[in-house]
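Below you'll find the structure, written out as C-alpha cells, and then a few comments.
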Number of protein chains: 2
Amino acid sequence: MPPRVTTLKELAASLDLSITTVSRALAGHEQIALRTRERVAQAARQAGYVPNTAARTLVSGRSGFVGLVLPIRGPNLVDSFLGEFVTGLGEGLVSHGADLILATAALGQSELSVLRHVVESGRADGVVVTRIAEVDERLAYLRERGFPFVAHGRLLDSDFAYNWLDTDGAHAFGEAFDMLYDLGHRHFGLVTISEPMTFRHLRQDGLAAAIGRRGDPSVRLDVATAPRFDRGARIQAINRMLQQPERPTAVIALFDELALTVMEEAVRAGLSVPRDLSVVGFDNVVASAYAPPGLTTFDASIRQCAREIADMLLTVIAERPTAPLTRLIRPTLVPRASHGPAPQTRS
Amino acid sequence: MPPRVTTLKELAASLDLSITTVSRALAGHEQIALRTRERVAQAARQAGYVPNTAARTLVSGRSGFVGLVLPIRGPNLVDSFLGEFVTGLGEGLVSHGADLILATAALGQSELSVLRHVVESGRADGVVVTRIAEVDERLAYLRERGFPFVAHGRLLDSDFAYNWLDTDGAHAFGEAFDMLYDLGHRHFGLVTISEPMTFRHLRQDGLAAAIGRRGDPSVRLDVATAPRFDRGARIQAINRMLQQPERPTAVIALFDELALTVMEEAVRAGLSVPRDLSVVGFDNVVASAYAPPGLTTFDASIRQCAREIADMLLTVIAERPTAPLTRLIRPTLVPRASHGPAPQTRS
DNA sequence: GGGAAAATTGCAAACGTTTTAAATCGACGT
DNA sequence: ACGTCGATTTAAAACGTTTGCAATTTTCCC
C-alpha cells in the first residue's frame, strides 16, 4: 500500500509541481498541458488523494451538499416514505457528484430554525422542503433569503413563484370518482383530515370538479373529518359515516392510512369490501397490498419524484433560472380488490 | 429585520472587539470577561450569526458530521428500515449537535469506494456501517485507517475488535422454537437465504442451539434456501417444503419478507394459517401487521437501535476508547395470529 | 539569432474560523 | 513612582483549497 497522500501540497511536492498546477490539472483546466494533466491524474489516483471538502467549500463557496430537514415525527409507525424519498434524492444527486445532508430538529425546536441553521452555516448549496403547508414559513424564509430550494408539494397562494414538484392529487381523485361512478356508485363518502394541508385542498377540489363535470344531481357526497394524528377521532368519524341509515357505497380516503382504517371498520361493522362498500386510497403504502382484500389506490412513485427533485435542485443551484421550475406528476391507479360495482339493492 | 451578519469579522467590528475575542466568547471560554461573553452572545443571537461550517471544519479538523453510506438498493419495494434507521440516527445525533451525511453509491460503484471518499475527504468525523457481511472489506478498511465507526451487525470473525450494535437474533430464534415446541410442534421448517450474512448464521445457530437444548430426537428440521433477491426461486423452495408428503407444522423464516411469502403460498396451497401451519418471522415490517391473519414476529426496534448507535459513535469520536463498545439488543416477540398449537392428526 | 506570441506554470491572496503566544490594561503593594 | 501580577484582550499563523495575475518556458516566424 503506497503512503497515503492527504493534501495537495504533498501531491504537488511528489510531482515536483506547484500546488496551483496540480489543482488546475485535477480540475481539468485546458491551460495545463495534457501530458501534465495525465501525469497528475495518475499520481492522484495511485496515491488515493481525495480533496478536502472543507477547504474546497471555504474558498469556492460551494459545498456540494444538498440539505433536507427531517420532518418531525411522532413515536408511531414510520412508513416507507422517508426511506424512498431519501433513496431517490441520493440517486438523483450522485450522478452530479452531490451528497445529502440530513438535519434533524431537536425536541421543541422548530423545523424552521433548523433550516435556517443549515442555510446560514453554508453547509448546503440548496435544500429540499417536504410536506408543504398551505402557508409555509419555511418557503417564505428561503425566498426572502434567495436560497436555492425545491419544494415537494405546493402552497395555496399562487402569486408566490417558487420551484416545486407535486403529485397531481386533483387528477387522481377525479379519476377515482369517474371509475366509481361508472361502476354505478352514486352515494360517496370522503374521509379527510382537518389540518390545512395543500394536498388535502387539491384532492378535494379534484373530487368536487369531477362530480361537477357529471352534472348528475343524484350524486351525493358525505364527508368525515378528523385530526390527522388522532386515531380515536378518526375511527369515530368513519363509523358515524358508515352507520348512518343511508351509508355511502363508495369511500374515497385522503390517503391510504385512512383508507385502511375504513376497511378495518367496515369489516368490524359486518360489511364486506368490495361487495357492500368500495374503498379507494392514495399513496400505495406497503400495507395496502397486504390488507385484505387489497386496497385500490394511487401510486405517486415517491422515489422517482425525489430523483427528479434532486435534478431540479441541481439545475437551480447551477443555473439560477429566473422562471421557477415546476412539475406536476400524475399518479398511477393501482387497481386491487377493494373496489367494485355498486350494490344493487338498498336496505 | 436587522442586517444579517454572516462572518465573525463583521460581528467583531459591530462590537468593536477582535475576531479572537468574539470567537472565544461564543465558545464560552472562561478567560473572556463574563460581561463581554454576554454582550457577544446577545449580539450574535440578534444578528442571526451562524458560524461557517467549512471554515470551522478546516481549522479544527472536526466536521460535526457523521456519515452513512446508503446500501445499494434494487428497484423493488423499499421497506421502512431506512426511514426508521435514519430517523433514529438523527435523533441520537441532534442532542450532541451533530448531523448526518448520506452518501449514495452510483451505479456500478462499490460501497467501499464511496466510504473511502467520505472518510478521506474529511466530510465526517465517523461513520455508521450497516448490513455487515460475514467478512466485510469496509470494516477492514476503517480499522486499518483508524477511523471512528460503529457497525450495525457483526462479523463472523471474533478476533477482530470493533464497535458494534446488533440485535440478538440467536436468542429470538431460540425463543421462537421454544414457543412453538411448547405448542406441540415437532416438525419444523426453516426458510433462509443462501447469501453469507452474519445474521443468518447467528439466527440459525440460535435455532440449532435451542433444538439441542431440548434433547428431543423426535424434533425434525427441514431447510428451504434461496438467493435473497430471487423471488421465483424463493417461492419454489417454499413450495417444495410445503408440498412434501410430511410437511412441517411450523415454519420459522429468516425475516418477515420470507415469512409473508410462506403465508401466501400456504394459502395458495389450501392450508390455513395457523390451523394447519404456524409461521413466525423476524423484523416486524409494517406489512406483517396487515397480512392476514397477522404475522407473529420479532421487533428489533430499529429506530431505538439507531439512536444508540449514534450515541456510541459520538462517544467513540470524542473519547477514542481503547476497548470496543458493543451492544446486543434483545428483540421482543410480537405475538399475532400466525402461530398456534400443532395440528393433532397427520394425513 | 532575436523577438513576439503562445503555451505552460507558479506566486500569493483569499475563504472564515480556531488557537498559540504575546500584548495591553488596571490595580496594588512597596 | 515603579515593578509585578492577574485579568482581559489581540495579532498573527494555520487549516487546504481555488483563482487572478504574473512569471517563465517554449514555439514560431522573419
Side-chain angles (χ1 to χ4, degrees), chain A residues 4-41 43-44 47-65 97 117-125 318, chain B residues 4-41 43-44 47-65 97 117-125 318:
Chain A
R4 220 161 208 49
V5 164
T6 61
T7 78
L8 215 42
K9 192 151 106 183
E10 286 173 34
L11 186 58
S14 81
L15 284 162
D16 205 21
L17 284 172
S18 73
I19 294 178
T20 307
T21 304
V22 176
S23 170
R24 288 206 169 104
L26 289 174
H29 287 210
E30 293 285 341
Q31 64 184 144
I32 302 295
L34 184 58
R35 258 195 51 145
T36 312
R37 270 182 284 170
E38 284 168 348
R39 196 161 65 98
V40 171
Y49 168 75
V50 179
N52 180 292
T53 304
R56 169 175 283 185
T57 302
L58 185 56
V59 61
S60 72
R62 284 276 171 92
S63 70
F65 281 114
H117 195 263
V118 169
V119 170
E120 309 290 346
S121 67
R123 306 157 116 77
D125 302 331
Chain B
R4 225 167 203 46
V5 164
T6 61
T7 79
L8 215 43
K9 193 151 106 183
E10 287 172 34
L11 187 58
S14 80
L15 284 163
D16 205 22
L17 283 172
S18 75
I19 295 179
T20 307
T21 304
V22 175
S23 170
R24 289 216 168 96
L26 288 174
H29 287 210
E30 293 285 340
Q31 59 184 318
I32 302 296
L34 184 59
R35 257 195 53 144
T36 312
R37 269 183 284 170
E38 283 168 349
R39 198 161 65 97
V40 171
Y49 168 75
V50 178
N52 180 292
T53 304
R56 170 177 282 186
T57 301
L58 184 56
V59 61
S60 72
R62 284 274 171 94
S63 70
F65 281 113
H117 195 264
V118 168
V119 170
E120 309 289 346
S121 68
R123 305 156 115 79
D125 302 331

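Order of the sequence lines sets the chain letters (A, B, ...), proteins ahead of strands, with each chain counted from 1.
- Straight-line distance from the CD atom of A:Glu30 to the C1' atom of C:dA7: 13 Å, rounded to whole Å.
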Protein-nucleotides 12-16 of chain D N/O pairs closer than 3.5 Å?
from	atom 1	to	atom 2	distance (Å)
D:dA12	N6	B:Thr20	OG1	3.3
D:dC15	O2	B:Val59	N	3.3
D:dG16	N2	A:Ala55	O	3.4

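- Between A:Glu120 atom CD and C:dT17 atom P the separation is 12 Å, expressed in whole Å.
- To the nearest 0.5 Å, atoms CZ (B:Arg123) and OG (A:Ser63) are separated by 8.5 Å.
- Side-chain contact between B:Leu26 and B:Leu8 is present, with heavy atoms from C-beta onward closer than 4.5 Å.
- Counting heavy atoms from C-beta on, the side chains of B:Asn52 and B:Thr7 never come closer than 4.5 Å.
- The nearest whole Å value for the distance from the CZ atom in B:Arg62 to the C1' atom in C:dT17 is 16 Å.
- For B:Leu17 and D:dA11, the CG to C1' distance is 14 Å, given to the nearest whole Å.
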Could you run down the sub-3.5 Å N/O contacts of the protein with nucleotides 23-27 of chain D?
none

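- Between D:dT9 and B:Thr21, no contact under 4.0 Å exists linking OP1 or OP2 to a side-chain N or O.
- Across all strands, B:Thr36 comes closer than 4.0 Å only to sugar-phosphate atoms, never to a base (heavy-atom distances).
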Intra- and interstrand pairs of DNA chain D - dot-bracket, Watson-Crick/G-U under 3.5 Å, | marks other strand: ||||||||||||||||||||||||||||||
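- Looking at B:Phe65 and B:Thr53, their side chains come closer than 4.5 Å, going by heavy atoms from C-beta outward.
- At least one donor-acceptor pair closer than 3.5 Å links the side chain of B:Ser121 to the backbone N or O of B:His117.
- If B:Val50 and B:Gln31 are placed on DNA chain C by their nearest nucleotide, the residue sitting closer to the 5' end is B:Val50.
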